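Could you have a look at this structure, given as structure tokens, before my questions?
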Amino acid sequence: MTCSDYPPRHVAIIMDGNGRWAEQRGLPRPQGHIAGADNLDRVISVFIQKGIAYLTLYVFSTENWDRPRPEVEGIIGLIALIIDREVEFMQRSGIRLLILGNLGRVPSALQEKIRSAIELTRNNKAITLCIAFDYGSRAEIIAAAQSMAQQGRQDIDEHSFSQHLATAGIPDPDLIIRTGGEMRLSNFLLWQSAYSELYFTPVLWPDFGEEHIDQALDDYRQRQRRFGSV
Ligand code: IPE
Ligand code: IPE
Ligand code: MG
């Protein structure tokens, strides 16, 4: 199957490079996270305009808790700040919000804010925005296995197992983009990426804009997806 015939339904992005963006400017790392957050609306708007049905953004991994406490607290504080501003943007732009990962480790006021944003936006139709927060693919796979084992399920197969993942009901990503130059998945959508096309760019997340999205989508269009067939 040639990708030029089928535009991606689901694009997932590993938003990396905030820290280096700040360091290159002689700024403290938190400034990079602020610049990264300020890039969200621009990128989401481009994907809406391109007609992409699902956009997943990897915002914070289960391993990111191991960063120095001030950085972690800064990121959580930033998320609390931007959620208010984003709710208005999501309503105006027709964005349905979903969360992949845990909310249990953040302050309950923030959990409440996020849950009410999910509820408020649930009927929006322009795009489904999945935010991978406190997300780790291995933890997700273990949780799915535990859940099926606890239910005593005998019908474990690829389909039923997928329905126990955080992405139940969401198509697998056709294209995974990683900004910031590293060429790895860092525990992101390991099950779901079985046949995803991968695209790596050295552009740091705060600088990632429409021209880079066009380059990624152009590159995707050249790919031949065979899914193991000939
Ligand atoms: C991505 O940017 C944001 C998070 C992982 C929270 P980084 O903070 O990893 O930036 P670099 O990789 O250090 O440049
Ligand atoms: C991956 O970036 C996680 C997110 C972008 C949220 P990291 O910066 O945490 O990944 P590593 O440590 O370079 O693999
Ligand atoms: Mg990084």
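The structure presented is a predicted model; accordingly, all values stated were derived computationally and were not measured. Order of listing sets the numbers, starting from 1, for every ligand and every atom in it.
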**Study point:** ligand 1 versus M15: contacting region, heavy-atom distance under 4.0 Å
**Key:** backbone
**Study point:** Joint hydrophobic cluster, L100 plus I176, side-chain heavy atoms closer than 4.5 Å
**Key:** yes
Revision key, fill the gap. Within 4.0 Å of some non-hydrogen atom of I75, the atoms of ligand 1 are 6 (C)
Check your understanding: Which bit of E182 is near ligand 1, meaning a heavy atom under 4.0 Å away: side chain, backbone, both or neither?
Key -> neither
**Study point:** N64, any N or O under 3.5 Å of ligand 2 N or O
**Key:** yes
Check your understanding: In Å, rounded to the nearest 0.5 Å, how long is the span from CD1 of I118 to CG of L103?
Key -> 6.5 Å
Check your understanding: Taking distance alone, with no angle check, do Y58 and ligand 2 share an N/O pair under 3.5 Å?
Key -> no
Review point. Nearest to atom 14 (O) of ligand 2, what protein heavy atom do you find, and at what distance?
Key: S186 OG, 2.6 Å
Exercise for review: Check whether any side-chain N or O of Q31 sits under 3.5 Å from a backbone N or O of A22 as a donor-acceptor pair, and report yes or no.
Suggested key: no
Exercise for review: Name the closest protein heavy atom to atom 6 (C) of ligand 1, giving the residue it belongs to and the distance to 0.1 Å.
Suggested key: V59 O, 3.4 Å
Review point. Which distance, rounded to the nearest 0.5 Å, do you find between the CG of N187 and the OH of Y135?
Key: 7.0 Å
Review point. Considering only the protein, which heavy-atom contact is closest to atom 7 (P) of ligand 1, and what is its distance?
Key: D16 OD1, 3.5 Å
Study note, to complete from the structure: Restricting D16 to its N/O/S atoms, the closest one to the Mg ion (ligand 3) is OD1
Review point. Is atom 2 (O) of ligand 2 close to the protein, meaning a heavy atom under 4.0 Å from it?
Key: yes
Check your understanding: Is the number of heavy atoms from other residues, nucleotides or ligands within 6.0 Å of CZ (R138) greater than 12?
Key -> no
Review point. With a 4.0 Å heavy-atom cut-off (strictly under), which part of F60 contacts ligand 2: side chain, backbone, both or neither?
Key: backbone
Practice item. Write out the residue and atom name of the closest protein heavy atom to atom 8 (O) of ligand 1, then the distance separating them to 0.1 Å. Key: R67 NH1, 2.7 Å
Exercise for review: Would you check if the side chain of Q192 reaches a backbone N or O of P173 as a donor-acceptor pair within less than 3.5 Å?
Suggested key: no
Review point. Short list, please: which atoms of ligand 1 are under 4.0 Å from a heavy atom of R20?
Key: 11 (P), 12 (O), 14 (O)
Review point. Hey, which atoms in ligand 1 end up nearer than 4.0 Å to a heavy atom of H33?
Key: 3 (C), 8 (O)
Check your understanding: Quick one: do I14 and I99 end up in the same hydrophobic cluster if we chain Ile, Leu, Val, Met, Phe, Trp and Tyr together by side-chain heavy atoms under 4.5 Å apart?
Key -> no
Exercise for review: Decide if atom CD of E158 counts as having more than 12 heavy atoms of other residues, nucleotides or ligands within a radius under 6.0 Å.
Suggested key: no
Check your understanding: For atom 13 (O) of ligand 2, which protein heavy atom lies nearest, and how many Å away is it?
Key -> R184 NH2, 2.8 Å
Study note, to complete from the structure: closest protein heavy atom to atom 10 (O) of ligand 1 is G19 N, 2.9 Å
**Study point:** Under 3.5 Å: donor-acceptor pair, side chain of Y58, backbone of S186
**Key:** yes
Check your understanding: Would D38 and R42 pass as an ion pair if we require N to O under 4.0 Å?
Key -> no
Review point. Would G17 count as a contact of ligand 1 if the rule is a heavy atom under 4.0 Å away?
Key: yes
Check your understanding: Got a sec: is E182 within less than 2.8 Å of the Mg ion (ligand 3) via an N/O/S atom?
Key -> no
Point to revise | D172 and W191: side chain donor to acceptor below 3.5 Å | key: no
